[in-house]
Amino acid sequence: MKINILSAEVYNKIAAGEVVDRPYSVVKELVENAIDAGAKEITVEIEKGGKSLVRISDNGCGIEKTDLKSAFLPHATSKLKCAEDLFTVQTLGFRGEAIASIAAVSRMKITSKTEAGEAYSLSVTGGAFGEVVSAAGANGTCTEVEDLFFNTPARLKFLKSDTQEESDVSNMMVRFILSHPEISFTYIADGKVKYRSFGDGLKSALSIVYGAQTLSNCYEIAADKHGIKLHGFIGNQNFSKPNRSYQSLFVNGRYVVNQTVSAAVTNAYGAYLMKRQYPFYVLFLEISPEIVDVNVHPNKADVRFADNQIIYGSVYSVVSAVLDGNSRALEYLAETPKPVQEPQPAPKEKPQSMEKPQPAPMSYEQAKKELQFDISPVGGSQPRFIERKPMKLEVRAPQPAEDIFAENQRFLLKQEKKQQVQEKIDPARLEYKGELFRTYLIYETGDSAYFVDQHAAHERLIYNRLKEKWEKREIIAQPMLVPYVVNANPQEFAFLEKNLGVLREIGFEVEEFGESSIKVSAVPVDLQNINLEAFFREVLSSVESLRAVKLTDIIKDRLATSACKAAVKGGESLTEQEVRALIEETEGDMGMRCPHGRPVAVKMKKSEIEKLFKRIV
Ligand code: ADP
Ligand code: MG
């Protein structure tokens, strides 16, 4: 076989897939370039989820006319000169492959102007270079990427729906706004402004992304422990979220996903969290670059620490000290700066709505006041903050809740399969022998006895009826007097939007409402008594692909609950007629389980009873 040296064009097409696989990764690379160029204002515009257009404009340093062409060449970078620089690199990008890769698979154009020079532009289509031409433009750079993957149809096919791609870009933008609160970002999707930040600090950025209310539900942290700096915001004990999409971690300025930190925070919340609730946090970890390896993969938000235990221990002890309010908490809460006396000129572009004062997170001063109780309890009153955990570096094995959940599901499924022995007995052959504790009905047939849980049996029957109605689509929608509005973040909204059809099929009347909310104006009549807030919290908890619970499963669960409420309870005496009706309706199916998975009937053989009496061994 002959070895061919790939042409640059082919090579770049292959390499492109590693750096850019989706519109959001194009946005990521180009915004990082703008940040590296020292921009203070960055505008990101996308169309059709970024498939047809991604345009990033910045007011950074610009590119010299003579460098414009090199910017498109692979391994061309202004950020590294020699191998030694690799160890001190401060910029976000340094491989010099993003622009070359993107230009190989799109129609790309860069227009740029340095302060000293004129504006020039260069277009590259599918890797084919045009000419550097004069252009108009302000200081800075505008990079446009049109028709991503137009020349690689296979890759085009892997893109998700416009809404899904847009939601991933939005997420990316949220992370940029939070990690660079000193930069003013404007993010526009299909002509609509989705986010605009003002570059005036983290609190402002946080309230733009999550709403001003969120701040008042947070503690602000600024801690320095074992040479590890941790700052940012964590939700208070009652402010939890239905999924992990409200968690952001930045290590040395970079957004990362990291199991160790996420487990440390989650475990610190421990008992404060209800089942299937997740803490809210936006945390920044500054650590010496020697103990962190961010260079795992150019496109992965992954990070490795040289010493996971130190990281786990530090994060855990800081977060739990603050939540439990022990005396060390003071060291970790951010001190509120004294308010500036002179009136500050307001930035001219700031719209009215953003000028309302932001509610402050639990301040250092406030916390200090509350913590005095801890130090010197007044008049025997119960201290509000009690030191519940020892302050030593506690290292629990981080066990992500997701894994346990999946594990349990698998186990239960296996159990259920094992026990699903179909045992159908003609009800006429079941001889009713009476009831025990007003809960268990006793039947005899041949040399077996059956104990039937009347509640479980009834529940199952109601559930079956409801399910049948749903399956036959015989659903009646019950209009609500006051519509219920579900507010969602971009990820959640994309999920709901995708499932609107399913919700409608089962009798909900739902429609999009504003930018990222869903309005519910009718509910299926069988579920009219459900708690909508709890229901949607549960629906949204399946946003993460990790836990791909189907919406129909959640609904099944709801059905089970309403069946449970309607069914006769244990302890209620049934008339003989009711007993007969009940068992007839079961059609003698003794293998049934209630909708929660508990058995409806338990069988005991004559021989088992004889063993108890030692008649046989
Ligand atoms: P890298 O960022 O790894 O250096 P890129 O392919 O992303 O590689 O960019 C190549 C070079 O183009 C950069 O090193 C930088 O000199 C220049 N460049 C790209 N985008 C911008 C921008 N927005 N402003 C100024 N220079 C830029
Ligand atoms: Mg770059």
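Because the structure is predicted, anything quoted here is derived from the model rather than measured.
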For a quick test of reading the model, state the closest non-hydrogen atom pair linking [X] to [Y] and the distance between them.
X      : Y      : answer
Tyr219 : Gly235 : CD1-O, 4.3 Å
Glu509 : Ala477 : OE2-CB, 4.2 Å
Asn151 : Val105 : OD1-CA, 3.4 Å
Cys218 : Phe233 : CB-CD2, 4.0 Å
Leu159 : Pro23  : CD2-CD, 3.8 Å
Arg155 : Phe149 : CD-CE2, 3.5 Å

Drop me the distance from [X]'s [atom1] to [Y]'s [atom2], to the nearest 0.5 angstrom.
X      : Y      : atom1 : atom2 : value
Thr43  : Arg196 : OG1   : CZ    : 7.5 Å
Gln259 : Thr266 : CD    : OG1   : 9.0 Å
Arg175 : Met172 : CZ    : CE    : 8.5 Å
Glu182 : Leu202 : CD    : CG    : 10.0 Å
Ser521 : Leu481 : OG    : CG    : 12.0 Å
Phe493 : Asn487 : CZ    : CG    : 11.0 Å

Residues in salt bridge (charged side-chain N to carboxylate O under 4.0 Å, His left out) with [X], at least two apart?
X      : value
Lys160 : none
Asp147 : Arg107
Lys157 : none

Please evaluate residues Glu166 and Lys194 with respect to the criterion side chain to side chain contact (heavy atoms under 4.5 Å, CB included), reporting the C-alpha separation (whole Å), side-chain torsions for both, the decisive distance (0.1 Å), and the verdict. CA-CA 11 Å; Glu166 187 191 311; Lys194 295 264 169 172; 3.2 Å; yes
Is the closest side-chain heavy-atom distance between [X] and [Y] below 4.5 Å?
X      : Y      : result
Ile183 : Ile177 : no
Val261 : Asn258 : yes
Val315 : Thr260 : no
Val44  : Ile188 : no
Ile46  : Val27  : yes
Arg22  : Phe158 : no
Asn252 : Leu285 : no
Phe176 : Ile42  : no

Of Val485, Leu503, Leu500, the residue whose pairing with Ile518 passes side chain to side chain contact (heavy atoms under 4.5 Å, CB included): Leu500
Would you check, one step at a time, whether the test side chain to side chain contact (heavy atoms under 4.5 Å, CB included) holds for Glu512 with Lys519? CA-CA 6 Å; Glu512 287 171 33; Lys519 188 168 86 180; over 6 Å; no
Establish, for the pair Lys241 and Tyr278, whether the NZ or CZ atom is under 6.0 angstrom from the six-membered ring centre and no further than 45 degrees off its axis. no
Any idea how Phe280 and Tyr210 line up, ring-wise: parallel (<30°), tilted (30 to 60°), or perpendicular (>60°)? perpendicular
For Val282 and Leu206: C-alpha separation, side-chain torsions, deciding distance, then whether side chain to side chain contact (heavy atoms under 4.5 Å, CB included) applies. CA-CA 9 Å; Val282 175; Leu206 203 102; 3.6 Å; yes
Please confirm whether the backbone N or O of [Y] pairs with a side-chain atom of [X], one donor and one acceptor, at under 3.5 Å?
X      : Y      : result
Ser184 : Ser197 : yes
Asn59  : Glu41  : yes
Glu492 : Asn489 : yes
Glu286 : Leu230 : no

Pairing residues for [X] by the side chain to side chain contact (heavy atoms under 4.5 Å, CB included) criterion, not counting sequence neighbours:
X      : answer
Leu461 : Leu582, Glu585, Thr586
Thr141 : Asp58, Ile63, Ile110, Ser112, Thr143
Ser121 : Lys109, Thr111, Val133, Ala135
Ala103 : Phe72, Met108, Val124

Filter on salt bridge (Lys or Arg N to Asp or Glu O under 4.0 Å), then keep only pairs touching residues 46-56, sequence neighbours left out; what's left? Glu45-Arg55, Lys51-Asp162, Arg55-Glu144
Who pairs with Phe250 by ring-ring contact (aromatic ring centres under 6.0 Å, His included), at least two apart in sequence or on another chain? Tyr255, Phe284
With sequence neighbours excluded, tell me which residues meet ring-ring contact (aromatic ring centres under 6.0 Å, His included) with Phe536. none
Contacts of type side chain to side chain donor-acceptor pair (under 3.5 Å), residue Asn236, not counting sequence neighbours: none
Considering residues at least two apart in sequence or located in another chain, which fulfil the side chain to side chain donor-acceptor pair (under 3.5 Å) criterion with Glu146? none
Step-by-step side chain to side chain contact (heavy atoms under 4.5 Å, CB included) determination, Val319 to Tyr281: CA-CA 10 Å; Val319 175; Tyr281 63 82; over 6 Å; no
